[in-house]
Amino acid sequence: MIIEQAPNSKTSLKAAQEWVGTPLHRSQDAQGLYEQLVPELRQAVAYGFSDANPNNWAELSPGWLDEKRERGWPETIGVATGALKRAATVNAQIAVTKTHLTWGINENESSPGHGIDGWTVGDYARDFHAVRPIFKSTMAFLRSVYKKAAQKWLTEQMSNV
């Protein structure tokens, strides 16, 4: 069983609220905001690879579940050796600029003993993502942070009118 803590959004929400409330000329530079989001986004992605299954991924086929059990791998959807989860979380390819936060799978992640001979983690990630979108719950988390920040800012602005 794999248990991960759900992201709590406290840091992200505070950072987003501060960013939303900045003057327009400064709000065009979101690099500081994005850098503050990275730890909670990493947790949100890790949570996606837990038994909570916040991505609502389809159940494992009986054959694959049997194979995972035989190899001593966890029954958690998306986790066999842990390489895909590591490639999407602790070793993810992250780039932060003034205008963008880019988050991607580290396709060079090592996966010793993976069941698909000759496949890289990148190959497996593309195949897996085609059936079970990897960042689905993470994007929902991020949208909720921005929505809450914007709502709070609007409420404060309306109370000042």
Side-chain angles (χ1 to χ4, degrees), residues 1-17 19 30-151:
M1 177 173 264
I2 296 181
I3 299 171
E4 290 284 353
Q5 183 178 358
N8 65 24
S9 77
K10 288 180 184 173
T11 302
S12 299
L13 185 56
K14 182 176 185 256
Q17 288 169 343
W19 182 77
Q31 187 165 352
L33 168 64
Y34 295 148
E35 288 168 352
Q36 290 182 60
L37 291 175
V38 168
E40 286 184 2
L41 287 175
R42 194 180 309 273
Q43 184 60 44
V45 176
Y47 183 61
F49 286 92
S50 73
D51 287 326
N53 192 13
N55 288 308
N56 296 314
W57 288 333
E59 294 296 318
L60 299 175
S61 70
W64 180 237
L65 188 55
D66 287 344
E67 185 173 339
K68 287 182 81 172
R69 288 176 179 150
E70 287 172 15
R71 292 176 181 238
W73 292 342
E75 295 181 14
T76 305
I77 300 168
V79 180
T81 65
L84 178 58
K85 182 178 179 179
R86 284 190 309 276
T89 57
V90 294
N91 296 332
Q93 294 181 326
I94 302 166
V96 176
T97 68
K98 289 181 176 184
T99 58
H100 292 85
L101 168 66
T102 306
W103 197 288
I105 301 288
N106 181 346
E107 296 190 10
N108 299 316
E109 179 70 30
S110 173
S111 180
H114 193 275
I116 305 172
D117 291 334
W119 278 37
T120 66
V121 171
D123 294 331
Y124 180 70
R126 282 184 288 281
D127 185 67
F128 183 91
H129 183 73
V131 179
R132 296 177 174 97
I134 295 172
F135 298 112
K136 184 178 173 183
S137 66
T138 305
M139 293 305 297
F141 165 74
L142 189 56
R143 281 191 299 274
S144 76
V145 167
Y146 283 129
K147 183 177 179 181
K148 288 176 189 174
Q151 287 173 335

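Side chains included, hydrogens not; waters and symmetry mates left out as well; all remaining heavy atoms used.
- The closest donor-acceptor contact from the side chain of Lys98 to the backbone of Gln31 lies at 3.5 Å or more, if one exists at all.
- One N or O on the side chain of Arg132 and one on the backbone of Ala58 form a donor-acceptor pair closer than 3.5 Å.
- In this structure, Arg126 CZ and Ile105 CD1 are separated by 10.0 Å, a value rounded to the nearest 0.5 Å.
- Distance alone, capped at 3.5 Å, places no donor-acceptor pair between the Trp73 side chain and the Gly82 backbone.
- Closest approach of Pro54 and Gly48 over heavy atoms only: CG-CA, 3.7 Å.
- Nearest approach of Ala125 to Leu84, heavy atoms of both residues: CB-CD1, 3.6 Å.
- Val79 and Lys85 make their closest contact through CG2-CD, 4.4 Å (heavy atoms, listed as atom of the first residue, atom of the second, distance).
- The closest donor-acceptor contact from the side chain of Asp123 to the backbone of Thr120 lies under 3.5 Å.
- Annotation: the span from Arg71 atom CZ to Asp66 atom CG amounts to 12.5 Å, rounded to 0.5 Å.
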With side chain to side chain contact (heavy atoms under 4.5 Å, CB included) as the test, would you mind laying out the steps for Gln93 and Glu107 before giving the verdict?
CA-CA 9 Å; Gln93 294 181 326; Glu107 296 190 10; 5.6 Å; no

Under the criterion side chain to side chain contact (heavy atoms under 4.5 Å, CB included), I'd like the reasoning laid out for Val45 against Trp103: C-alpha separation, chi angles, the key distance, then a yes or no.
CA-CA 10 Å; Val45 176; Trp103 197 288; 4.1 Å; yes

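- Although no hydrogens or angles enter the test, the distance criterion places a donor-acceptor pair under 3.5 Å between the side chain of Gln43 and the main chain of Gln5.
- Closest approach of Glu40 to Phe141, counting heavy atoms only: OE1-CZ, 4.0 Å.
- Residue Trp64 holds its CH2 atom at 12.5 Å from CD1 of Ile77, rounded to the nearest 0.5 Å.
- Here Trp57 and Phe49 bring their ring centres to under 6.0 angstrom of each other.
- For Glu75 and Lys68, the salt-bridge test fails: no basic side-chain N is under 4.0 Å from an acidic carboxylate O.
- Although no hydrogens or angles enter the test, the distance criterion places a donor-acceptor pair under 3.5 Å between the side chain of Asn106 and the main chain of Asn91.
- The line from OG1 of Thr89 to CG of Leu41 is 12.5 Å long, rounded to the nearest 0.5 Å.
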Test side chain to side chain contact (heavy atoms under 4.5 Å, CB included) applied to Tyr124 and Val121, step by step
CA-CA 5 Å; Tyr124 180 70; Val121 171; 5.6 Å; no

Walk me through it: do Leu33 and Leu101 pass the test side chain to side chain contact (heavy atoms under 4.5 Å, CB included)?
CA-CA 10 Å; Leu33 168 64; Leu101 168 66; over 6 Å; no

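- The shortest heavy-atom contact between Ser137 and Asn55 is N-OD1, 2.6 Å.
- With rounding to the nearest 0.5 Å, the separation of CZ in Arg143 from OG1 in Thr138 is 10.0 Å.
- Pairing each heavy atom of Thr76 with each of Ser50, the nearest pair is CG2-C, 3.8 Å.
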